[in-house]
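Atom set for the values below is all heavy atoms of this structure, side chains included, hydrogens, waters and symmetry mates excluded. So you know, we letter chains A, B, ... as the sequences are listed, proteins then strands, and number each from 1.
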There are 2 protein chains.
Amino acid sequence: MRIGELAKAAESDVDTIRYYEKIGILPKPARTDGNYRHYGEQHTERLRFVRRCRSLDMTLDEIRVLLQFRDAPDADCAEVNNLLDEHIGHVSARIAALTHLEKELRSLRRQCRSVQRAKDCGILVEIGKNTSASAPAKNKAAKRHITGTH
Amino acid sequence: MRIGELAKAAESDVDTIRYYEKIGILPKPARTDGNYRHYGEQHTERLRFVRRCRSLDMTLDEIRVLLQFRDAPDADCAEVNNLLDEHIGHVSARIAALTHLEKELRSLRRQCRSVQRAKDCGILVEIGKNTSASAPAKNKAAKRHITGTH
DNA sequence: CTTGACCCTGGAGTGGCTCCAGCGTTTTAA
DNA sequence: TTAAAACGCTGGAGCCACTCCAGGGTCAAG
């Protein structure tokens, strides 16, 4: 199987596959005479595993941990459970933060009902006030996880 | 006012201020004889405005638009309202996606109740299945906004 | 006159890709 | 047989919004 076929089989992208190889998420495959990467079925399964984890919004570092367990079938899986619990915690914390944000935004939106000149726009006036809302997370502890909506 | 004082006054960070200057969010300030940046009260207000927008999770491009209106008091503010409406849309879409994700994760977590060997761990088994969940957004249209929980 | 706090610039690093130029290889069709 | 299209290769830059650093300069207090 060549890289394009693998990409289709695992619903991925050739650039992403090469990137995963570079950072060690996927092993270096064999090469054909023409220097094309040559993949087998276990590559598909591994990549699918990775993509499924990414679709669950895990970081590549988290996925690296899970892959270790996948590669060590007799290891104790407690860490897997912990990793997932923590990840769930991050996601629900992010939901709470965004829900709060949405309320703030809707309240801000209510400040300007009609089209008018910018200097009278309730939204711009309100943002300009000194009501210092909590800034986005920027301390080192919080920085690892769950930032940004964009 | 020097850059450190401005940072405190606007609950920002000196590096961030220099970054905003570099990309044109803040104007280049006057300099002292010793080449220190020298700021006045309107710099504080502008920076506070920017930080408040960032705390509302707007992108710097969105903020650039809002700043234009702040600088043009007689302009029609309809675009401000639209920008905010769109932003609210992005945030609530992200909340919906994360809520769905949380459900998936909790269901996955239920697959492994007890500590056991990795090869029997319901979580790893489940992730390895071919139940291809929708991958994270990667088309060009969706890419502009609201991606990533980390 | 030294110490320490503050400031300067330019550049690199973060995550997880994505896109590109400028090539080489393989497949398809005429 | 040959031309074109499709696919692959590498190395590097770019995205966002910062953050951190090295290696220096400036300034106020003691």
Side-chain angles (χ1 to χ4, degrees), chain A residues 1-26 28-39 47 50-51 53-64 90 135-150, chain B residues 1-8 10-26 28-39 47 50-64 90 135-150:
Chain A
M1 202 183 350
R2 302 198 303 198
I3 198 169
E5 297 168 77
L6 175 61
K8 258 172 219 156
E11 289 171 277
S12 186
D13 180 292
V14 295
D15 275 331
T16 303
I17 294 170
R18 284 194 279 247
Y19 171 70
Y20 285 169
E21 180 184 328
K22 196 167 71 176
I23 64 168
I25 289 281
L26 295 181
K28 298 194 176 190
R31 297 288 184 129
T32 66
D33 290 350
N35 199 32
Y36 284 11
R37 286 171 180 82
H38 181 70
Y39 296 101
L47 179 54
V50 172
R51 293 311 293 168
C53 290
R54 286 291 300 132
S55 82
L56 296 172
D57 227 346
M58 295 174 189
T59 65
L60 291 178
D61 276 347
E62 286 173 323
I63 295 168
R64 250 185 257 270
H90 295 316
K138 62 176 178 183
N139 59 68
K140 289 175 190 182
K143 161 179 156 189
R144 291 176 306 111
H145 257 296
I146 316 280
T147 61
T149 43
H150 298 281
Chain B
M1 205 186 339
R2 302 198 303 196
I3 198 169
E5 296 168 79
L6 175 61
K8 257 171 222 157
E11 288 170 279
S12 186
D13 181 292
V14 295
D15 275 331
T16 304
I17 294 171
R18 284 193 280 248
Y19 171 70
Y20 285 168
E21 181 185 329
K22 195 167 72 180
I23 64 169
I25 289 280
L26 295 182
K28 297 195 176 190
R31 297 290 184 127
T32 66
D33 289 350
N35 200 32
Y36 285 11
R37 286 170 179 82
H38 182 69
Y39 296 100
L47 179 54
V50 173
R51 293 312 293 169
R52 171 112 174 93
C53 289
R54 286 292 300 130
S55 82
L56 296 172
D57 227 346
M58 296 175 188
T59 65
L60 291 177
D61 276 348
E62 287 173 321
I63 295 169
R64 250 185 259 271
H90 295 315
K138 63 177 177 182
N139 60 66
K140 290 176 190 184
K143 163 180 156 187
R144 290 175 305 110
H145 255 294
I146 316 280
T147 62
T149 44
H150 296 281

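Checked against side-chain hydrogen bond (donor to acceptor under 3.5 Å, both in side chains), B/Y36 has no partners two or more places apart in sequence or in another chain. With sequence neighbours left out, the side-chain hydrogen bond (donor to acceptor under 3.5 Å, both in side chains) criterion links A/E21 to A/R37. For B/R18, the side-chain hydrogen bond (donor to acceptor under 3.5 Å, both in side chains) criterion is met by no residue, not counting sequence neighbours. A search for ring pair (Phe, Tyr, Trp, His ring centres under 6.0 Å) contacts involving B/Y39 returns B/H43, not counting sequence neighbours. Under the side-chain hydrogen bond (donor to acceptor under 3.5 Å, both in side chains) criterion, B/D61 pairs with B/R64, sequence neighbours left out.
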List every contact pair, protein side and nucleotides 25-30 of chain D side both N or O, where the distance is under 3.5 Å.
residue	atom	partner	partner atom	Å
D/dG25	N2	B/Y36	OH	2.6
D/dT26	O4'	B/Y36	OH	3.3
D/dT26	O2	B/Y36	OH	3.1

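Between the CD1 atom of A/I17 and the P atom of D/dG8 there is a distance of 9 Å, given to the nearest Å. Distance CG (A/L26) to P (C/dG16): 14 Å, rounded to an integer number of Å. One can place CE of A/M1 at 16 Å from P of D/dC7, the figure rounded to the nearest angstrom. Following rounding to the nearest Å, A/L6 (CG) and D/dG8 (C1') show an atom-to-atom distance of 14 Å. The CZ-C1' distance, from B/R18 to C/dT9, rounds to 9 Å in whole Å. Going from atom NZ of B/K28 over to atom C1' of C/dC8 covers 14 Å, rounded to whole Å. The distance between atom CG of B/D57 and atom C1' of D/dC18, rounded to the nearest whole Å, is 14 Å. Going from atom CD of A/E11 over to atom P of C/dC17 covers 15 Å, rounded to whole Å.
In this model, the phosphate group of C/dG15 is not approached by any side-chain N or O of A/Y19 to a distance below 4.0 Å at OP1 or OP2. Listed pair A/T16 / C/dT18 meets the phosphate criterion, a side-chain N or O lying under 4.0 Å from OP1 or OP2. For B/R31 and C/dT9, the shortest distance from a side-chain N or O to OP1 or OP2 is below 4.0 Å. Side-chain nitrogen and oxygen atoms of B/R37 include none within less than 4.0 Å of the OP1 or OP2 phosphate oxygen of C/dC6.
Across all their heavy atoms, B/I25 and B/L60 have their closest contact at CD1-O, 3.9 Å. Nearest heavy atom pair, residue B/V14 against residue B/G4, reads CG1-CA, 3.9 Å.
Nearest-nucleotide positions on DNA chain C for B/K22 and B/G4 put B/G4 closer to the 5' end. Residue B/K8 is the one, among B/K8 and A/D15, whose nearest nucleotide of DNA chain C lies closer to the 5' end (criterion: closest heavy atom).
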